[in-house]
Amino acid sequence: PRASSWWTEVQMGPPDPILGVTEAYKRDTNSKKMNLGVGAYRDDNGKPFVLSCVRKAEALITSKMLDKEYLPIGGLGDFNKACAELALGQDSEVLKSKRSITVQTISGTGSLRIGANFLSRFHTVARDVYLPKPSWGNHTPIFRDAGMQLKAYRYYDPATCGFDFTGALDDISTIPEHSVIVLHACAHNPTGVDPRPEQWKELSAVIKKRKLLVFFDMAYQGFASGDIDRDAWAVRYFIEQGHNVLLSQSFAKNMGLYGERVGGFTVVCADAEEAKRVESQLKILIRPIYSNPPMNGARIASTILSTPELRSTWLEEVKGMADRIITMREMLVTNLKKEGSTHNWQHVIDQIGMFCFTGLKPEQVERLTKEFSVYMTKDGRISVAGVTSGNVGYLAHAIHQVTK
Amino acid sequence: MLELKASALLHILWSSQDILFFFFFSSWWTEVQMGPPDPILGVTEAFKRDTNPKKMNLGVGAYRDDQGKPFVLNCVRKAEAQIAAKKLDKEYLPIGGMAEFSKACAQLALGPDNEVLKSGRSITVQTISGTGSLRVGANFVSRFHNVSRDVYLPKPSWGNHTPIFRDAGMQLKAYSYYDPKTCGFDFKGALDEISKIPEKSVIVLHACAHNPTGVDPRPEQWKEMAALIKKRNLLVFFDMAYQGFASGDIDRDAWAVRYFIEQGHNILLSQSFAKNMGLYGERVGGFTVVCKDAEEAKRVESQLKILIRPIYSNPPMNGARIASTILNTPELYKEWLVEVKGMADRIIKMREMLVSNLKKEGSTHNWQHVIDQIGMFCFTGLKPEQVERLIKEFSIYMTKDGRISVAGVTSANVGYLAHAIHAVTK
């Protein structure tokens with residue numbers, strides 16, 4: 001006999017916008033089809049890329065015949081140390097004085113959610129989290145499900161396909177004190193638009209004046225410019241200026257460890273004593289979510305970061321990925337000009353990282369999908385990682401057709 | 001001129017205030033208190049500091065072989081080699097995890113011929129081991145089970161159950177379970193209390209090898225509980241962290257889960273592969289919702305994904321690949337069944353040896369419960385003062401409630417353990 005249903009009132013949830021793109025792409029039989037929704041790096045043959053430093057690290061780890069005992073709640077100690085050093089720099093005063101705590105997390109999402117939960121529980125002076133407009137889609141439910149209120153500050157200027165610096169400063173200068181402000185450290189997702197160093201400096205000053213709690217999301221260190229120190233510059237500058245930041249890091253893209261789920265969450269504190277208190281509370285928060293984090297990816301990342309030859313190889317490979325993206329941006333613009341496009345496509349080159357906000361309108365995106373089997377999200381965002389020297393000409397042709 | 005001086009003064013005042021304020025307000029976390037130390041971790045830390053060569057760590061909730069060493073199963077090593085040879089990529093898994101894993105996970109729990117699986121009326125998502133599964137379930141119940149906020153745990157239950165459900169927004173209640181007089185199941189007390197639980201409340205049941213007591217209901221007792229729970233119209237949430245590890249037989253250990261489903265309970269189920277496959281740190285688990293029909297299962301699945309995405313986006317691949325390879329490769333599956341039985345058998349043997357050694361020491365107490373209890377843990381019945389003496393005088397470490405991890409007992413140290421227990425209880 002069947003029991004009555006517990007879940008009659010559960011509605012079918014809306015389909016995931018990004019997944020919908022990939023599903024439609026899979027069904028398409030056009031041999032020239034392109035999937036520019038994918039938020040994962042592809043090589044110049046359009047294939048997923050496992051870094052050779054990762055393969056070497058895996059071989060090293062396998063040969064050690066390690067056990068599979070639980071990691072501590074805060075994760076692999078060696079990983080946490082290397083993760084913090086990568087972001088802050090080895091000579092960071094914060095690390096020397098031990099006034100930060102870094103815990104291993106389930107990639108960037110897991111890190112952001114731990115941070116959001118921590119804020120919700122301990123940052124009782126404010127409930128508001130300010131995201132740039134637009135921001136990564138998942139930021140909103142992360143903070144909302146953790147119990148915070150979402151607000152926004154101006155960021156992207158559709159008129160220039162660039163940074164709305166004046167608008168950002170204007171909005172930030174009116175944010176209530178002690179609110180949380182989320183900043184993308186580099187390679188802003190989804191726009192690819194980053195502040196220049198002089199602009200970061202002014203942002204830092206205004207944010208300090210407003211006494212805001214800074215939460216950096218750094219998902220692309222190394223992957224943006226090809227240089228890990230350059231990509232971490234804003235984070236390090238803010239810390240030098242006295243901001244005790246929260247920081248989320250992901251190794252999904254820069255080490256290609258997507259499905260292994262490797263990330264870190266860092267709290268920069270007033271001193272070592274405070275860091276210990278914060279650490280104890282992070283553990284109390286984490287334990288009833290997943291007890292302790294997955295070991296495999298952290299072992300790989302830790303091995304790479306602390307083995308000199310592997311670290312060197314990694315730096316080259318991440319630069320290689322960043323360079324290929326930059327080359328594709330340049331080729332796309334060159335090809336658009338060759339097609340005869342008279343539009344200003346400079347933003348395609350100025351934007352940085354995996355994504356490009358093309359400026360295409362929804363109707364144009366629809367035509368690209370229907371007439372050319374080129375798939376992207378409705379907001380006109382393309383993943384440059386999905387572009388190859390083999391298909392960039394076709395892409396330029398298609399974009400020109402719908403914009404001329 | 002006055003204006004200039006005034007504004008300059010104001011500027012200096014404001015700047016110094018700003019500096020002063022910033023100097024004092026450099027801390028966001030002044031009010032954050034040091035949290036209490038973890039009770040179990042404290043045991044291990046004290047154990048590590050102890051220099052006594054005869055020391056024993058009976059707090060550890062992880063299997064040890066007869067040399068007291070962590071044990072990585074052969075079938076796991078073989079599965080890893082197979083996976084490495086395939087040179088697979090590391091692309092994101094779907095939000096709900098690896099499909100082949102989720103399918104095999106459900107089949108393991110429910111039995112491959114289960115009507116639930118044939119009709120497609122359940123959804124299983126891959127989770128971050130048992131804890132992750134319970135938390136996804138707790139969050140799901142919190143969001144969608146609006147008719148009640150109450151979750152009933154057995155008394156006692158695994159320590160982490162409480163914060164899992166509480167942090168998810170549920171209220172914790174309890175039903176009688178362990179009888180300290182018999183060191184066994186308080187069947188009458190359980191039935192009494194369950195009969196008073198308000199309709200539609202959530203009731204958590206340990207499928208097998210109850211943690212921390214090792215006390216499981218007998219099949220006839222499970223049958224009465226199923227009937228009563230159905231009469232009370234409660235939402236059943238099974239926690240199965242030890243399938244195969246309890247009796248050595250995966251079907252026997254899943255009997256209660258399958259019986260309840262047959263009786264019409266549309267249950268929630270958490271599974272862990274930490275112990276039965278030794279995949280502890282790889283974090284492999286599953287969460288299952290048994291629904292009315294396939295259409296409801298699809299709606300529930302869509303909402304599980306919406307819930308999971310802002311927690312960790314998608315689950316870790318490595319452990320799921322290993323578990324899936326084992327479950328879906330006949331020779332590895334067979335080997336696994338032999339190895340998990342081996343672990344369960346060693347535990348059972350240690351229980352028997354402990355009791356026979358206690359008798360040899362001359363103990364006149366009734367230690368039958370050590371043999372009757374099942375799984376990794378044993379509720380010895382030792383009092384806090386006796387536990388303290390065991391730690392201080394004999395360097396034998398366990399939690400204050402007298403719970404020992406039988407996995408930490410070996411043929412080499414069981415004699416010492418019996419001697420020590422007898423010394424503090426005679």
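Every chain is numbered from 1 and lettered A, B, ... according to where its sequence line falls, protein lines coming before strand lines. What's counted below: heavy atoms across the whole structure, side chains too, no hydrogens, waters or symmetry copies.
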* To do: For B:K298 and B:E295, run salt bridge (charged side-chain N to carboxylate O under 4.0 Å, His left out): C-alpha distance rounded to whole Å, both residues' side-chain angles, the deciding distance at 0.1 Å, then the answer.
  => CA-CA 5 Å; B:K298 284 280 159 219; B:E295 186 270 339; over 6 Å; no

* Structure fact -> Bottom line for A:R299: the part with an atom under 4.5 Å from chain B's heavy atoms is neither

* What orientation do A:F215 and A:F265 show, parallel under 30°, tilted 30 to 60°, or perpendicular over 60°? -> tilted

* Centroid-to-centroid, A:F79 to A:F251, below 6.0 Å? -> yes

* Asked: Which bit of A:V125 comes within less than 4.5 Å of chain B, counting heavy atoms only: side chain, backbone, both or neither?
  -> neither

* To do: Give the ring-plane orientation class for B:F260 versus B:H265, where under 30° counts as parallel, over 60° as perpendicular and anything between as tilted.
  => tilted

* **Part of A:P293 lying under 4.5 Å from any heavy atom of chain B** => backbone

* Structure fact -> Taken in chain and number order and not counting sequence neighbours, the residues that satisfy salt bridge (Lys or Arg N to Asp or Glu O under 4.0 Å) with A:E93 are A:R99

* Asked: Under a 4.5 Å heavy-atom cut-off, does chain B meet the side chain of A:R277, its backbone, both or neither?
  -> both

* Structure fact -> Applying a strict 4.5 Å limit to non-hydrogen atoms, the region of A:L66 in contact with chain B is backbone

* Structure fact -> By residue number, those in residues 135-147 of chain A with heavy atoms under 4.5 Å from heavy atoms of chain B are A:W136, A:N138, A:P141, A:I142, A:D145

* Can you tell which part of A:E58 gets under 4.5 Å to a heavy atom of chain B, answering side chain, backbone, both or neither? => side chain

* **Contacting region of A:L282 [heavy-atom separation from chain B under 4.5 Å]** => neither

* To do: Pick one of side chain, backbone, both or neither for A:V50, based on which atoms fall under 4.5 Å of a heavy atom in chain B.
  => side chain

* **From CA spacing to verdict: salt bridge (charged side-chain N to carboxylate O under 4.0 Å, His left out), B:R64, A:E69** => CA-CA 11 Å; B:R64 294 284 176 267; A:E69 294 298 291; 2.9 Å; yes

* Asked: Where does A:S291 contact chain B at under 4.5 Å (heavy atoms): side chain, backbone, both or neither?
  -> both

* Is the B:F140-A:W7 ring centre distance short of 6.0 angstrom? -> yes

* **Per-residue contact mode, A:V54 against chain B (heavy atom under 4.5 angstrom)** => side chain

